[in-house]
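These numbers come from a predicted model, not from an experiment. Below, read A as the first sequence line, B as the second, and so on, with proteins coming before strands; counting in each chain starts at 1.
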Amino acid sequence: MSWSLLNALRNNPDLVKDSLRKRRMDTGIVDKFIELDSKWRSVKAEIDELRHKHNVISREISKVSGAERENKIKEAKELLNEIQKKEEELNTLEQERERVLRSIPNLVHESVPYNCPEGVDSIPIRFYGTPRVWVGYINDFKEQTERFGFNIPYETIDWKPVGHADMLEIVLGMGDTLKAGEVAGSRFYYLFDDLVMLDMALIAYAIDHMTKKGFRLVLPPYMLKYEVLSEVLDMETFKDMVYKVEDEDLYLIGTAEHPIAAYLRRTELLEDQLPLLFVGVSPSFRREASAGNRDMKGIFRVHQFHKVEQFVFSLPEDSWKWHEELIKNAEELWQGLGLPYRVVVLCAHDMGRCAAKQYDLEVWMPAQGKYREMVSCSNCTDWQSAKLGVRVLRKDMRREFVHTLNSTAIASTRAITAILENNQEPDGTVVVPKVLRKYLEIFSKGPVDAIYPKKRVSRDEKGNPIIG
RNA sequence: GCCGGGGUGGCCGAGCACGGUGAAGGCGCGGGCCUGCUAAGUCCGUCCCCGCAAGGGGGCCCGGGUUCAAAUCCCGGCCCCGGCACCA
């Protein structure tokens, strides 16, 4: 059974090198692997040969007796010694080969842009909604639309919206990142009152939408063993993302994607059992180790949040269709929230290592003057499934690795930041998206039409906000 | 918790007391032949790895051990079934 990457490494190494170049990564690893692989194969052949000799002698022993038997036994023992030595060599090689193989990212799909110009990490492919653009950000807005050949209608506003961090902390008074920083560290938060209900309503909304589409709802383990987690993500992401539980072989999940992928670990499926559609709900824990000082204010980039995640195991020939389907599902959800967004296709150099192709959905953030990532949608092809051992037995008895895909549906804290900025009125009132009202009705003290400010917002002559 | 039985290839299932030539056989599935078509029949294939191939190696819940040789014997673990006991 062949894993497309291993196949390419052996039969078409230039394809892998191309792929690495597109990702702006060193291609030396390919030659390194080929060398290790052929070394490993030749040592394995030697060992197999020795073992064969040993097996032959071993069988003969049972048929002879006396001195001849003693001689054969002696001979077998000598072979055994030789085999043991070789096996040590093989083990070392095998581990190194495996380590190198695992560090090679997925092959980049042909439709993925590469050689993107300086500062461009993704290419917009479509826009939705009418963004509110503060006069001071009009040039920035055009830089993110017209530059890519899109002429997007927008609404100009002369008042600058309050950033989501100040909104939750000061204007609404429903968040406290300072106290959280004191007791847990930076990138943590206390959320209060209406915003907690909003968080839950967002999750319920996403669950409702996805289950209606036939995705099976799953609440997965929030921790995984090292071996399992290392099969679903690459080592770089592991180091940057994952928290370890002390004294246990357990790691906190960064997304429901990981335990859902692992659900079918070492499983063989029949062709007609696919596709398998899951929608997972779980907290996500992320160290954000390489994020530096980016997005330190507020709750845009945090160590913990709630997320509803789409996950698909598909037949290899259907995965590109499902990739489009997943981003479409996410778009429906964000359209429902009434937030203006764009879908971008990531340039090869900016994609995750598991992904062959990746879309992001980015919502316009009026206070930042930027489109910011809310959803990430990847086709991992057979990269995860080969490591996990999730296979399909075809009608003609061939075995193949399935394809896996994942996409955010809604991540709670990011959605809240988007709502706080986009649904903000000049006085600091936040209008609740209509589609969420149904999911807020279950709370007797929940917000109905809007969340009202504790401190009113006014503006200076340039339109900059003055709080209080 | 105690006693007994058990975990074998997609499924069923033999082998295990007495370690030794290919893990038997069946079902299902795929393919060839046959046939007017279907069925039946028949042959081949149907865990993983190396090899263009011939062929070879490894695999019998997991991890150790004994042995020239382990599905089979020994030690440790996990899980399942039955009986008994106990009980929110």
Taking a pair as Watson-Crick or G-U wobble with both distances under 3.5 Å, which nucleotide is matched to [N]?
| N | value |
| --- | --- |
| C47(B) | G58(B) |
| C73(B) | G65(B) |
| C84(B) | G1(B) |
| G25(B) | C12(B) |
| C37(B) | none |

Just compare [options] and give me whichever is closest to any side-chain atom of [X].
| X | options | answer |
| --- | --- | --- |
| L80(A) | C68(B), C47(B), G56(B) | C68(B) |
| R399(A) | C68(B), U46(B), G57(B) | U46(B) |
| R10(A) | G51(B), U46(B), G56(B) | G51(B) |
| R51(A) | C49(B), C68(B), G57(B) | G57(B) |
| W40(A) | G58(B), C68(B), C50(B) | C50(B) |

Given atom [atom1] of [X] and atom [atom2] of [N], what is their separation to the nearest angstrom?
| X | N | atom1 | atom2 | result |
| --- | --- | --- | --- | --- |
| H52(A) | C50(B) | NE2 | P | 19 Å |
| L50(A) | G58(B) | CG | P | 11 Å |
| K44(A) | G59(B) | NZ | P | 11 Å |
| L90(A) | G58(B) | CG | P | 13 Å |
| E94(A) | G58(B) | CD | P | 14 Å |
| D48(A) | C48(B) | CG | P | 17 Å |
| R398(A) | C29(B) | CZ | P | 18 Å |
| L393(A) | G45(B) | CG | P | 17 Å |

OP1 or OP2 of [N] under 4.0 Å from side-chain N/O of [X]:
| X | N | result |
| --- | --- | --- |
| R391(A) | C48(B) | yes |
| K77(A) | C68(B) | yes |
| R41(A) | G51(B) | yes |
| R394(A) | C29(B) | no |
| R59(A) | G22(B) | yes |
| N55(A) | G57(B) | yes |

Mind checking the [atom1] distance from [N] to [M]? Whole angstroms is fine.
| N | M | atom1 | value |
| --- | --- | --- | --- |
| G9(B) | G28(B) | C1' | 14 Å |
| G45(B) | A54(B) | P | 12 Å |
| C68(B) | A24(B) | P | 28 Å |
| A14(B) | G32(B) | P | 34 Å |
| C78(B) | C61(B) | C1' | 8 Å |
| C47(B) | C87(B) | C1' | 45 Å |
| G57(B) | G22(B) | C1' | 14 Å |
| G25(B) | U46(B) | P | 13 Å |

### Task
Give the ring-plane orientation class for W322(A) versus F215(A), where under 30° counts as parallel, over 60° as perpendicular and anything between as tilted.
perpendicular

Could you check whether any side-chain N or O of [X] sits under 3.5 Å from a backbone N or O of [Y], counting only pairs where one atom can act as donor and the other as acceptor?
| X | Y | value |
| --- | --- | --- |
| R187(A) | D295(A) | yes |
| D318(A) | S314(A) | no |
| R287(A) | Y243(A) | no |

### Task
Supply the atom-to-atom distance S378(A) OG to N106(A) CG, rounded to the nearest 0.5 angstrom.
10.0 Å

### Query
Which part of the nucleic acid, if any, lies within reach of I61(A) when heavy atoms closer than 4.0 Å are counted: base, sugar-phosphate only, or nothing?
base

### Query
Should the heavy atoms of other residues, nucleotides or ligands under 6.0 Å from NZ of K85(A) be counted, would the total exceed 12?
no

### Query
Does the C116(A) SG fall under 2.5 Å from that of C347(A)?
yes

### Query
What form does the base of A17(B) take, syn (within 90° of 0) or anti?
syn

### Task
Would you mind telling me which residue lines up with the more 5' stretch of RNA chain B, K395(A) or A45(A), judged by nearest nucleotide?
K395(A)

### Message
Here's a test of your reading of the structure: between S58(A) and I73(A), which maps to the more 5' nucleotide of RNA chain B?
### Response
S58(A)

### Task
Please lay out, stage by stage, how K213(A) and E332(A) fare under the test salt bridge (Lys or Arg N to Asp or Glu O under 4.0 Å).
CA-CA 12 Å; K213(A) 285 185 166 280; E332(A) 286 168 7; 3.2 Å; yes

